[in-house]
Asker: 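To start, I am sharing the structure in question, which I have written as C-alpha cells.
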Amino acid sequence: MSYDPLSAETVPPNLLEANQTSSGSKLSNRAWVAITAMICGTVLLLCGGVIGLGFYAVNQLADELAFDEDWTMEDEATLLAVQFAIEEEPTVIDEVGGIVQVTEDEDLTYDLNADGDDYFYRVVGDKGEMIVVANFHEDDTTWFRSIARLDGDKVDSPQTPLEFRAVPFNGDFTKAVHDVLVAHPPAIEQLDIGELRWIEESDEVSEEANVWRLSVLGTESNREVLVVYEPGAFEEIRHVDVVDASGSRERIWTAESIAGVDELPVSPE
C-alpha cells in the first residue's frame, strides 16, 4: 500500500508541524484578543447596546483564532514532551512522585493576565500534584526554553525554575522509536551519529506499507531510518533499518531480538 496523505491508516498520529508553533504567534493571539476587546468595549459604551452583537461576534472569532493557533499546546505529543522533560527532576520526584497524568490548565493558560509565552500544565503523580509553567522554544528541534513550578494558583504567583531534560522527539511515534533505540545501545552505535539529539519525520516518504521514514539527528551526524510497525498499531514497532546514501538498508533493531533472535532478513526494496 502506497502512502496516501488523506488516509489516517497510513499516517502516524504525530504529523509534522503538530508541535512546532512559535512562541511569537502565541503572544500575538492573546494580544489581539485583548486589543479587540478594549476597542469594541469602548465603542459599545459610546454607541449603545446594538454594538454588543458585533462585539460578541468579534470576540467569538478571536477565541476561534486563538484556539486554531494554540491547539497543539494541549495535544498528546506536547503532554508527552512535558512529562519527559521533568519526570526525572528532583523536585518533581519529591513532590509528585511518578507522573501519572499531564493536562493543560486552560483556565490559567488562557487567562488574559498570563504572560503570552507561558503555558500552564497540571502534573499529577502517585504522591501529589503541581502546576508547571512551560515556555516554548522557537527552534523546531527544541521544545522548551524554560519550565518552572507555579508556587500558587494564580498566573502571577511566584515561579520556581525546574531543571528539565531536552526532549529528543517531536511526537508519540518518534518517542516510541526513541525509546526503542535508547533501550538498545548497539543500535545507537550502528547509527554512528554520536549522542542522539532529535528524531523527526523525514522529508522523503516511504512508499512501503506500514513503513515510516525518519531522520535521526545526532551530535556528530544525521542518519535516515526506516521503521516498520504493526499494521494498525503505530506504537508496535517491528524493526528499524538504517539507510545509507545509496539506499541500502541494514537492520539495527528488531522486536524479535528481544525474544533471543538477533536479526531477521532485511525486507526487500
Side-chain angles (χ1 to χ4, degrees), residues 1-5 7-20 75-81 83-85 87-88 140-143 165-269:
M1 179 176 63
S2 62
Y3 171 78
D4 178 4
S7 172
E9 297 180 357
T10 61
V11 183
N14 58 304
L15 296 178
L16 276 177
E17 313 276 335
N19 359 277
Q20 298 175 356
D75 70 359
E76 183 177 356
T78 305
L79 303 181
L80 282 172
Q83 178 170 340
F84 182 92
E87 62 187 355
E88 295 185 0
D140 288 346
T141 60
T142 305
W143 273 93
R165 294 189 292 173
V167 180
F169 52 81
N170 73 342
D172 45 2
F173 183 68
T174 49
K175 181 185 185 301
V177 176
H178 165 271
D179 292 348
V180 161
L181 295 177
V182 170
H184 189 69
I188 302 290
E189 294 176 6
Q190 286 181 268
L191 285 172
D192 193 27
I193 59 172
E195 183 179 348
L196 193 157
R197 187 173 61 85
W198 182 255
I199 303 178
E200 64 184 10
E201 292 79 0
S202 173
D203 292 336
E204 297 184 42
V205 177
S206 173
E207 295 185 355
E208 298 178 61
N210 306 314
V211 176
W212 200 253
R213 189 178 182 113
L214 303 177
S215 297
V216 182
L217 285 59
T219 54
E220 298 178 6
S221 63
N222 305 328
R223 299 295 297 274
E224 297 281 297
V225 298
L226 292 173
V227 180
V228 181
Y229 53 88
E230 194 67 25
F234 294 111
E235 69 280 2
E236 296 183 22
I237 298 171
R238 292 168 55 185
H239 53 257
V240 180
D241 298 337
V242 63
V243 186
D244 64 21
S246 67
S248 298
R249 296 164 59 169
E250 178 183 2
R251 181 122 328 139
I252 61 174
W253 182 87
T254 175
E256 283 75 7
S257 65
I258 298 176
V261 180
D262 291 333
E263 284 191 277
L264 292 178
V266 175
S267 302
E269 295 289 344

Asker: Is the centre of the Tyr229 ring less than 6.0 Å from the centre of the His239 ring?
Answerer: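 Between Tyr229 and His239, the centre distance exceeds or equals 6.0 Å.
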
Asker: Tell me, please, which residues at least two apart from Asp179 pass salt bridge (charged side-chain N to carboxylate O under 4.0 Å, His left out).
Answerer: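 Applying salt bridge (charged side-chain N to carboxylate O under 4.0 Å, His left out) to Asp179 gives Lys175.
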
Asker: Output all residues satisfying side-chain contact (heavy atoms from CB on, under 4.5 Å) with Glu230, sequence neighbours left out; order by chain, then residue number.
Answerer: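 Partners of Glu230 under the side-chain contact (heavy atoms from CB on, under 4.5 Å) test: Ala233, Glu236, Arg238.
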
Asker: Could you tell me which residues satisfy salt bridge (charged side-chain N to carboxylate O under 4.0 Å, His left out) with Arg165, sequence neighbours excluded, listed by chain and number?
Answerer: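 Salt bridge (charged side-chain N to carboxylate O under 4.0 Å, His left out) list for Arg165, sorted by chain: Glu87, Glu88.
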
Asker: Applying side-chain contact (heavy atoms from CB on, under 4.5 Å), can you list everything that pairs with Ser221, at least two apart in sequence or on another chain?
Answerer: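 So Ser221 forms a side-chain contact (heavy atoms from CB on, under 4.5 Å) with Ile193.
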
Asker: Roughly how far apart are Ser215 OG and Asn170 CG, rounded to 0.5 Å?
Answerer: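 Reported value, rounded in 0.5 Å steps: 10.0 Å.
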
Asker: Mind checking the CG-CZ spacing from Leu226 to Arg251? Nearest 0.5 Å is all I need.
Answerer: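 These two atoms lie 10.0 Å from each other.
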
Asker: Kindly give the heavy-atom pair with the smallest separation between Asp140 and Trp198, and that separation in Å.
Answerer: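 Nearest pair, atom of Asp140 first, then Trp198: O-CZ2, 3.4 Å.
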
Asker: Check Gly171 against Ala77 and note the closest heavy-atom contact, atom names and distance.
Answerer: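 Heavy atoms of Gly171 and Ala77 come nearest at CA-CB, 3.7 Å.
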
Asker: Consider side chain to side chain contact (heavy atoms under 4.5 Å, CB included). Of Val167, Leu214, Ile199, which one does His178 pass it with?
Answerer: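 For His178, the side chain to side chain contact (heavy atoms under 4.5 Å, CB included) test succeeds with only one of Val167, Leu214, Ile199, which is Ile199.
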
Asker: Please collect all salt bridge (Lys or Arg N to Asp or Glu O under 4.0 Å) contacts where either partner lies in residues 182-198, sequence neighbours excluded, each pair once.
Answerer: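 Listed once each, the pairs would be none.
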
Asker: Nearest 0.5 angstrom please: Leu80 CG to Asp172 CG, how far?
Answerer: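 Rounded to the nearest 0.5 Å, the CG-CG separation comes out at 6.0 Å.
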
Asker: As an exercise, state the distance from CD of Glu250 to CG of Leu191, rounded to the nearest 0.5 Å.
Answerer: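 Rounded to the nearest 0.5 Å, the CD-CG separation comes to 9.5 Å.
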
Asker: May I ask you to say whether Glu224 pairs ionically with Arg213, meaning some side-chain N is under 4.0 Å from a carboxylate O?
Answerer: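 Looking at Arg213 together with Glu224, the answer is yes, because their closest N to O distance falls below 4.0 Å.
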
Asker: Report the residues that fulfil side-chain contact (heavy atoms from CB on, under 4.5 Å) with Ala176, sequence neighbours left out, ordered by chain and then residue number.
Answerer: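 Expected list: Ile237.
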
Asker: Looking only at non-hydrogen atoms, find the nearest pair between Val242 and Ile252 and report the distance.
Answerer: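 That closest heavy-atom pairing would be CG1-CG2, 3.8 Å.
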
Asker: Measuring only between side-chain heavy atoms, which start at C-beta, is Trp253 closer than 4.5 Å to Pro186?
Answerer: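 Of all side-chain heavy-atom pairs linking Pro186 with Trp253, none is under 4.5 Å.
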
Asker: State the OG1-CH2 distance between Thr174 and Trp212, to the nearest 0.5 angstrom.
Answerer: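 Answer rounded to 0.5 Å: 11.0 Å.
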
Asker: Can you tell me how far the CZ atom of Phe169 sits from the OG1 atom of Thr141, to the nearest 0.5 Å?
Answerer: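 Output value for this atom pair is 13.5 Å.
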
